[in-house]
Amino acid sequence: MQSFDVKPLGPLGVEVSGIDLDRGIDAATAAALQDLLLDKEVVLFRGQQLSDAALLGFARRLGTTKGHPLGKFSAPGFPDVLISSNVMENGEPVGIRDIGQFWHTHGSYLPVPYQYTLLYGVEIPHDDNGTPLGDTLYLSATAAYDALSPALKNEIGKLVAIHSYDYRYSLRVEQNPHVLAASTSKDDARHPMVYRHPVSGRPALFVNEGYVHEIEGMPRERAEVLLKELFAHLQKPQFAYRHKWKAGDLIMWDNVSTQHNAVPDYKLPQRRYMKRITIT
Ligand code: SIN
């Protein structure tokens, strides 16, 4: 196994140093990183220089990679490597723009949410003083669950929420009519609001502002009040880590135990160019 050092990032997350991912990792190192993800929920590597093949090779050490429905925004020759970017070339976007600018969990609208996501920063926008822009916010949904009152734990313990992809995209299309043309999914899923992690069994508060606006069997007004309370709780600073990007950062996270949100505080000519892989 390759040895590495680990340093905490905040209430969740660790930075791992001492591994050059471009050289590949062995099975024992992959298992150790999976344990770390399970425990710390977000894992960061700085200073990586990764070809698409190396990025994909690393991801496949952790699980089965899954292409995005918008295949035209994949890296050439790598359908499972999604480009997320505001960069335009010859008047055309080179990747999906404005992705994930709300609190969400990847694939929570699927019967089985994605297990991990990897996000690799190639170009990071910054302001005139060199301060990076386009941060990604993370929260720990397991820590948020643990901190709920016993009464609230009891109330939500048997409830099921509806996670809807179309709900989010109909909101986005109000702001940008081009988005709907890009939406190919009609998925909805029902998930317990207290979701047991498939590996650790640890309970997470599994409702996100991005995809959830209904609770099964509950009148809409009551559901809105309860969800608003839970979203406010999830987003408390004590459960959060804000990642300030540098080019060469690779960050990966456990989707069941966390939520994330991309901060849209930049615009061209400030360029953001990221590569993303989801793992089942
Ligand atoms: C996402 O994958 O949802 C977007 C995250 C980001 O680009 O910061």
Side-chain angles (χ1 to χ4, degrees), residues 9-10 12-13 37 41-46 48 50 55-56 59 62 65-71 73-75 80-87 93-110 113-126 131-141 163-165 167-169 171-172 175-176 179 182-183 185 187 208-212 234-235 240-268 270-280:
L9 291 171
L12 72 161
L37 263 175
E41 304 179 340
V42 172
V43 173
L44 165 70
F45 304 85
R46 297 259 194 207
Q48 302 294 321
L50 294 170
L55 182 61
L56 189 63
L62 302 173
T65 57
K66 181 89 179 83
H68 194 275
L70 296 181
F73 290 123
S74 297
D80 290 359
V81 178
L82 177 75
I83 309 292
S84 131
S85 181
N86 67 339
V87 174
V94 300
I96 303 189
R97 281 185 294 177
D98 307 333
I99 197 170
Q101 295 171 347
F102 47 89
W103 283 107
H104 65 294
T105 299
H106 284 155
S108 76
Y109 48 81
L110 299 172
Y114 297 124
Q115 187 165 6
Y116 310 127
T117 298
L118 270 61
L119 190 62
Y120 178 49
V122 180
E123 284 186 75
I124 305 303
H126 55 81
T131 304
L133 300 171
D135 299 351
T136 308
L137 314 176
Y138 294 90
L139 65 81
S140 169
H163 295 240
S164 166
Y165 185 89
Y167 161 68
R168 169 56 39 187
Y169 275 80
L171 291 183
R172 284 187 69 193
Q175 297 154 353
N176 177 2
V179 169
S183 164
S185 169
D187 293 311
N208 64 72
E209 213 168 16
Y211 297 124
V212 176
L234 280 157
Q235 293 160 24
Y241 166 64
R242 180 174 187 129
H243 185 60
K244 296 201 96 51
W245 287 91
K246 290 184 192 154
D249 285 357
L250 173 79
I251 196 159
M252 57 188 192
W253 62 89
D254 185 302
N255 271 303
V256 166
S257 345
T258 65
Q259 295 179 22
H260 63 283
N261 186 351
V263 178
D265 58 354
Y266 58 93
K267 61 174 193 256
L268 288 172
Q270 294 161 325
R271 292 162 59 104
R272 192 173 191 263
Y273 188 100
M274 320 292 281
K275 293 180 179 177
R276 191 182 98 180
I277 300 183
T278 38
I279 295 180
T280 55

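Just follow the structure's listing: the first ligand is 1, and inside any ligand the first atom is 1. These figures come from a predicted structure and were not determined experimentally.
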Options Thr136, Asp98, Thr105, ranked by nearest heavy atom to atom 8 (O) of ligand 1, top entry: Thr136

Under 3.5 Å: N/O of Arg272 near N/O of ligand 1: yes

Asn86 versus Arg97, closest heavy-atom pair with distance: CA-CG, 3.8 Å

Working for side-chain contact (heavy atoms from CB on, under 4.5 Å), residues Gln235 and Leu139: CA-CA 7 Å; Gln235 293 160 24; Leu139 65 81; 4.2 Å; yes

Closest protein heavy atom to atom 4 (C) of ligand 1, given as residue, atom name and distance to 0.1 Å: Ile99 O, 3.7 Å

Residue portion contacting ligand 1 (non-hydrogen atoms closer than 4.0 Å) for Met274: neither

N or O contact, His260 vs ligand 1, cut-off under 3.5 Å: yes

Flag, side chain of Gln101 to backbone of Ala262, donor-acceptor distance under 3.5 Å: no

Minimum-distance pair of heavy atoms, taken over all atoms of Val256 and Ala141: O-CB, 4.3 Å

Under 4.0 Å to a heavy atom of Gly100 - the qualifying atoms of ligand 1, by number: 3 (O)

Side-chain donor/acceptor of Thr278 to backbone N/O of Lys66, under 3.5 Å: yes

Any donor-acceptor N/O pair, Asn261 side chain to Phe102 backbone, under 3.5 Å: yes

Residue that, paired with Arg242, satisfies side-chain contact (heavy atoms from CB on, under 4.5 Å) out of Leu137, Thr136, Leu9: Leu137

Contact check, His104 vs ligand 1, heavy-atom distance below 4.0 Å: yes

Ligand 1 versus Thr117: contacting region, heavy-atom distance under 4.0 Å: neither

Heteroatom distance test (Asp135, ligand 1): nitrogen or oxygen, under 3.5 angstrom: no

Any His106 heavy atom less than 4.0 Å to ligand 1: yes

Identity and separation of the nearest protein heavy atom to atom 5 (C) of ligand 1: Leu119 CD2, 3.7 Å

Minimum-distance pair of heavy atoms, taken over all atoms of Leu50 and Tyr120: N-OH, 2.9 Å

